[in-house]
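Every heavy atom of this structure was used, including side-chain atoms; hydrogens, water molecules and symmetry mates were not. All values derive from a computational prediction rather than experimental measurement. A note on names: the letters A, B, ... follow the listed sequences, proteins ahead of strands, and every chain is numbered from 1.
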2 protein chains.
Amino acid sequence: MPDGEDGTRLGGGDRSGGPERRPDPGRGPISRGAGARRRVLEAALAVLDADGLGGFTMEAVARRAGASKATLYRHWPSTGALLVDAMDATYRPFPAPATGRLESDVAELLGAFVALLRDTPFPRLLGSFIAAAEREPALAARHADLTRRRREPLVEILRRARERGELPAALDLELTTDLLTAPFFYRRLVAHHPIPPTLVGEVIEQVLGPHRQRR
Amino acid sequence: MPDGEDGTRLGGGDRSGGPERRPDPGRGPISRGAGARRRVLEAALAVLDADGLGGFTMEAVARRAGASKATLYRHWPSTGALLVDAMDATYRPFPAPATGRLESDVAELLGAFVALLRDTPFPRLLGSFIAAAEREPALAARHADLTRRRREPLVEILRRARERGELPAALDLELTTDLLTAPFFYRRLVAHHPIPPTLVGEVIEQVLGPHRQRR
DNA sequence: TCCGATCGGCACGGTACCGTACCGATAGAG
DNA sequence: CTCTATCGGTACGGTACCGTGCCGATCGGA
């Protein structure tokens, strides 16, 4: 596999003027061991968010983390390995609503998801991960696992609803989860269309509406 | 947006409608004008497919095209501008089936789409475009337009079916198109899950099934 | 046929990043 | 408190790409 060698200029931080020094002034003295590792991973995500894959460089990450390149190379042999760990570090357990009613649970979850797509660096990072995963099988595998973990709460909501009899027993939960979430990825990353506040309700209505069953 | 200059040509859309009547102007001696332009754009896509955004470099594209850097800079002021034109060059009109029956038309179209995702460099290029578009508004706008053009045939099929009375008059065609296509993007680029041959039928059944109407 | 516009080749100085090595400092465990 | 593994800082040669300038060659329209 092509070892690293990544250096795009597309979003690249070609700063010909100032040296852009930002070693995170607010932090304490120096943290070692796991602390340093965490700091570097945070810096890696910050760099990826700011400058994309093109700016994702050992030097850039080290600068942002206030670390030395040597420290980075001690932990990660390549930018690819660093990217894998940084991607893993983006996982945050999604709040699983349990109002007990199918529609409101799903609406709440999808609403939080839309907010994540609209108000956070998440989609920008996701774009970089998608592009990188096309060329690094290790990253693709990790991202597949990450995605599975993120989907879990929604699948669980659907499963419970099915057990309560609100959804047909024969309904394919994985496919339904795809149909509920994929349009939002698609609009944000592919079609570059705005996501109106009403979309969550419309998707739920069109996907779940026909299958809704009275208990 | 760290890149200060970012010289993407927004209005430079000289999509030549010119009648280019050469049998194979590819590897002839030297081709000038539109020929050179086409050769460079092909090389740009080849480089992007092979090495991703990381390898997308004026030098690399020039090498692959058998052109000189000077030629590239004569046409495109930056890699961003080159990427925009290269992306536009990926558009191929999708064959619009017109069997006259909703299900078979959609199945045929989605089948071709799945083949595109499975057997061609398309998804790999798409990944790069997605990542780059997150950082280049000009690219995002172009990609939005490209996507709209690619969706058109499917929307048209749904519209005709609605006019024939096979779909409810109140059905949101755009949303339905999203629901029909987004899962495939999602599986291929985000979830990294295989797309079984049965998926097309399942998606059609779950999305269109409940709305099917007898005329 | 002819001439101008375009091309490929080449070279240039400048910049950024790579990957490694060595240093003195210090955090953090015992 | 002591000791050591880890850290930040610095430096290095090497590589790749940038963007520009200038050639002579040659395509391609008049």
### Query
For the helix from C:dT1-D:dA30 to C:dG30-D:dC1, what is the angle between the axes at its two ends, each from 5 pairs, rounded to 10°?
40°

Whole angstroms only, please: what is the [atom1]-[atom2] distance between [X] and [N]?
{"X": "A:F56", "N": "C:dC17", "atom1": "CZ", "atom2": "P", "result": "13 Å"}
{"X": "A:L82", "N": "C:dC17", "atom1": "CG", "atom2": "C1'", "result": "15 Å"}
{"X": "B:R38", "N": "D:dC27", "atom1": "CZ", "atom2": "P", "result": "18 Å"}
{"X": "A:R39", "N": "D:dT6", "atom1": "CZ", "atom2": "P", "result": "16 Å"}
{"X": "A:K69", "N": "C:dA21", "atom1": "NZ", "atom2": "C1'", "result": "11 Å"}
{"X": "B:L72", "N": "C:dT6", "atom1": "CG", "atom2": "C1'", "result": "14 Å"}
{"X": "B:W76", "N": "C:dT6", "atom1": "CH2", "atom2": "P", "result": "14 Å"}
{"X": "B:Y73", "N": "C:dC7", "atom1": "OH", "atom2": "P", "result": "16 Å"}

### Task
Respond yes when some side-chain nitrogen or oxygen of A:T71 is under 4.0 Å from OP1 or OP2 of D:dG8, and no when none is.
yes

### Query
Does A:H75 put a side-chain nitrogen or oxygen below 4.0 Å from OP1 or OP2 of D:dT6?
no

Closest to the [X] side chain: [options]?
{"X": "A:M58", "options": "D:dC22, C:dC22, C:dC18", "result": "C:dC18"}
{"X": "B:T57", "options": "D:dG9, D:dG21, D:dC18", "result": "D:dC18"}
{"X": "B:R63", "options": "D:dC22, D:dC17, D:dC7", "result": "D:dC17"}
{"X": "A:E59", "options": "D:dC18, C:dC17, D:dG9", "result": "C:dC17"}

### Task
Write out all pairs satisfying salt bridge (Lys or Arg N to Asp or Glu O under 4.0 Å) with one or both partners inside residues 75-100 of chain A, taking only residues at least two apart or from two chains.
A:R37-A:D85, A:D88-A:R142

### Message
List the residues meeting ring pair (Phe, Tyr, Trp, His ring centres under 6.0 Å) with A:Y186, not counting sequence neighbours, and say none if there are none.
### Response
B:F185

### Message
Can you pull out every ring-ring contact (aromatic ring centres under 6.0 Å, His included) where at least one residue sits in residues 79-102 of chain B? Sequence neighbours excluded, please.
### Response
none

### Query
Taking only residues two or more places apart in sequence, or in another chain, which ones meet A:R150 in a salt bridge (charged side-chain N to carboxylate O under 4.0 Å, His left out)?
none

#### Entry: Any residue meeting side chain to side chain donor-acceptor pair (under 3.5 Å) with A:R148, in chain and number order, not counting sequence neighbours
A:D145

### Message
Side chains of B:T176 and A:Q206: any donor to acceptor distance under 3.5 Å?
### Response
yes

### Task
Please work out which of the three classes, parallel, tilted or perpendicular, describes the rings of B:F113 and B:F122, given edges at 30° and 60°.
perpendicular

